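Contents: one structure, followed by commentary.
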Amino acid sequence: MEKRLTASHWGTYYLSVDQGKITAVEPHEMDPDPSAIGQSFVDGIQHSCRVKRPAVRKSYLEKGPGAATDKRGAEPFVEVEWDTAFELVAKELDRVRTDFGNQSIFAGSYGWASAGRFHHAPSQIHRFMNSIGGYTKSVNTYSYAASEVILPHVVGTMDWLLSQHTSWPALEKHCQLMVMFGGVAQKNGQINAGGVGRHSAREGLLACKKAGTRFVNFSPIREDVDDALDAQHHQLVPNSDVAIMLALAYHLYDGGRHDQEFLNKYCVGFDQFKPYLLGKTDGQAKDADWAERISGVEASVIRDLAEEMASKRTMITASWSLQRADHGEQTHWMAIVLAAMLGQIGLPGGGFGLGYAGVNGVGHQFRNFTWASLDQGVNNVRDFIPVARISDLLLNPGGRFTYNGQCYTYPDTKVVYWAGGNPFHHHQDLNRLLQAWQKPDSIIVHEQTWNALSRHADIVLPATMTAERNDIVCAKRDDDIFALKQVVEPVGEAKNDYDIFCGIARAIGVLGRFSEGRDEMDWLKLFHAKNRQRAASFGIDMPDFESFWEAGEYSLPVGKELVLLEDFRNDPEGHKLRTPSGLIEIYSKTVASFNLESCQGHPMWLEPKEWLRSSCAKKFPLHLISNQPATRLHSQLDHGKTSQENKVSGREAMTMHPDDALERSLEVGDVVRVFNDRGATLAGLLISTAVQPGVVQLPTGAWYDPVEPGVIGSLDKAGNPNVLTRDEGSSELGQGPTAHSTLVDVEKYLGPIPEITVYTPPEIIPR
């Protein structure tokens, strides 16, 4: 038995291998807070649900593109040879780009995919598609799409802000009060796109607590904050955070505790925002009494907190989840306005933070170093969609949509090609997605397992998992780099995405353009050479490739403490922001010029379409929080040990307050039906005061498992909340997802409990 190093989005581990199989997992010694997700390496790779050979949906193989698309998800698959699969894919791509144009190929391929920088599936597919003329792409992320669109108008791009966030050591030394909207959930901080060397989020928060930081949290879920922080917790009606922020701002201004000098020097638009805040534009002052009526948080709590915030070095944090809601653009915008009124932006320990522990890298002290990644080439197609508008794209060819002040057209999609990620996890209203999924002529996927995406495809190409290939693991906002050496042989006939695309490129006649004549190790050596060159520009002498590969890991020297917008505060002329004014825009003339009712020129509280205090709540009186899971990364490794051991009654656990359970005569362990007008799913019940009355928590990521495969509206057996969530944009500006503005009801499931079948492969007809 031997131990081999591997790395992933959720951590770095040593894998024990015996007779070609992984038998045990140990975390890397540098990691003070390792994630239990890594334990799923043991059974996740060898699981029976792995896709072992290329497979084609039966009707598609017999009749070609467009055949019986309503049978996707229900029909058997036929296994074929790799050469046959390559020819089928190449022929279909050639047909579509010749007859309809490359814009009819959608290859958004959104998702985390592999941690390695070379075998990063979205990079591979986008490079391949660009080598054959381009594709329709998606823009932004499900994580924070609304903020990605609004923040460049206000302060700067989301990626830039996240790379500059004040680091934990600076917070430890200077932050006296941390006011959290949506908490700082440790389960989210266990992952990081591209890899994790050292989990630092919990360590950083505990250091702040030890140094004397006081924590105040506004959230419907108490577990959004670690108990060890002893936070003062305030429950609120979900989607009412902006109302509380406005009331805090009102009492800062009303009491003369705001920093007018900061607003004059570093901001524009406060004078346009002030009439709304004071109620001169709509007759309603945004004071604490008003906010209490909306949020349920006592007015005295808001007024007292405003006074405390003005007297202490205060960090205002807002989770990413807040903006995955109706009018989500308003939450982070208003958090920035509130921080600006305190005047502490750019000071150590003060200002604002958007998504601390949203991933491990936010708050992690690191060098602002860009690691080498695969060049994706140039996309000659200009068409795109906002990331959460997939169903709209497929259902409305030629339809118009607005995005960031402009109007665009949805192309007519003939092929959906997906490699990396899982839309049957990420996307909202899965029954609507199923309807849309019947429209394209062909759906081609690279998949490792028989999850919902592969089951609803026409051509399934088996892809390797992380431990089955060589790569270099390094991440944004992380200083550690690892040599990811193949640990075990691929299951069945699985290939890495690069080799799959090389096979298709050869069949089309663009292999040289795609591969540049390099194999896997050639690319890794090229990446390392680029990394060494970049490191040298910082005065850092990285080891050569052979030394690095043998050692297996390397860490950059520790960077300096980061303070968000410190340079801007010290020199606003020399470090202008990338906004039209170069300053923080409390009121945006650009956004105002778009004349959008759903997103106006300054932040506002706007009532969601599904709101606990609306008429809709009479029918569906519970607010659904479909947050990130603790036992897997999104839907990755849902079939693995860590996720499976945390199921309740064999399916995803839903948490409900005791009062709501009692009203429905429910008990712990019951299988419950969670439902609304969009669909229904079965979950296993947990009862806890950690969620407030009127709220249920059902994490995302359970593999979609309908009772009647392929049938729109069928009951999901496994607890996937996205059969319930709304598929509407956050506003006409950002078009982000709105999963957290969803109402449901819950009842005990009285019928025969259906067996979970999604972890067993569909019917497969052998070669």
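Here the structure is a predicted model, which means the values were calculated and not measured. The figures here come from the full heavy-atom set of this structure, side chains too, leaving out hydrogens, waters and symmetry mates. Numbering of residues begins at 1 and proceeds along the displayed sequence.
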Side chain to side chain contact (heavy atoms under 4.5 Å, CB included) assessment of E329 paired with V149: CA-CA 8 Å; E329 293 82 2; V149 180; 5.8 Å; no
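- Checked options H634, H120, Q636, H9; the residue passing with W112 is H634 (criterion: side chain to side chain donor-acceptor pair (under 3.5 Å)).
- Counting only distance, with no hydrogens or angles, the side chain of D705 and the backbone of K717 share no donor-acceptor pair below 3.5 Å.
- In terms of modelled atom types and a separation under 3.5 Å, the side chain of N676 and the main chain of L743 share a donor-acceptor contact.
- Ring centroids of Y250 and W290 are separated by 6.0 Å or more, keeping the two rings apart.
- Between the side chain of S109 and the main chain of P122, no donor-acceptor pair closer than 3.5 Å is present.
- Using a 30° and 60° split on the angle between ring planes, Y587 and H602 fall in the tilted class, from 30° to 60°.
- Between W320 and Y144, the ring planes lie perpendicular to each other; the angle is over 60°, past the 30° to 60° tilted range.
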Applying side chain to side chain contact (heavy atoms under 4.5 Å, CB included), run through V591 and Q600 and close with a yes or a no. CA-CA 6 Å; V591 174; Q600 300 178 34; over 6 Å; no
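- Side chains of H427 and D727: a donor on one and an acceptor on the other come within 3.5 Å.
- Between the side chain of S741 and the main chain of A325, no donor-acceptor pair closer than 3.5 Å is present.
- Checking side-chain atoms of N431 against main-chain N and O of R678 turns up a donor-acceptor pair under 3.5 Å.
- Side-chain polar atoms of H425 and Y704 form no donor-acceptor pair below 3.5 angstrom.
- Side-chain contact of T141 with E148: a donor-acceptor pair under 3.5 Å is present, judged by distance alone.
- No donor-acceptor pair closer than 3.5 Å links the side chain of D638 to the backbone N or O of A702.
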So W605 and I294, side chain to side chain contact (heavy atoms under 4.5 Å, CB included) or not? Walk me through it. CA-CA 10 Å; W605 186 78; I294 292 171; 3.6 Å; yes
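- Note: F384 and Y403 meet the aromatic proximity criterion, with ring centroids under 6.0 Å apart.
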Going through the distances and angles, do K286 and Y276 end up as a side chain to side chain contact (heavy atoms under 4.5 Å, CB included)? CA-CA 8 Å; K286 310 308 178 294; Y276 170 76; 3.4 Å; yes
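- Of all heavy-atom pairs spanning Q692 and P238, the tightest one is NE2-CD, 4.2 Å.
- Side-chain contact of T590 with H153: a donor-acceptor pair under 3.5 Å is absent, judged by distance alone.
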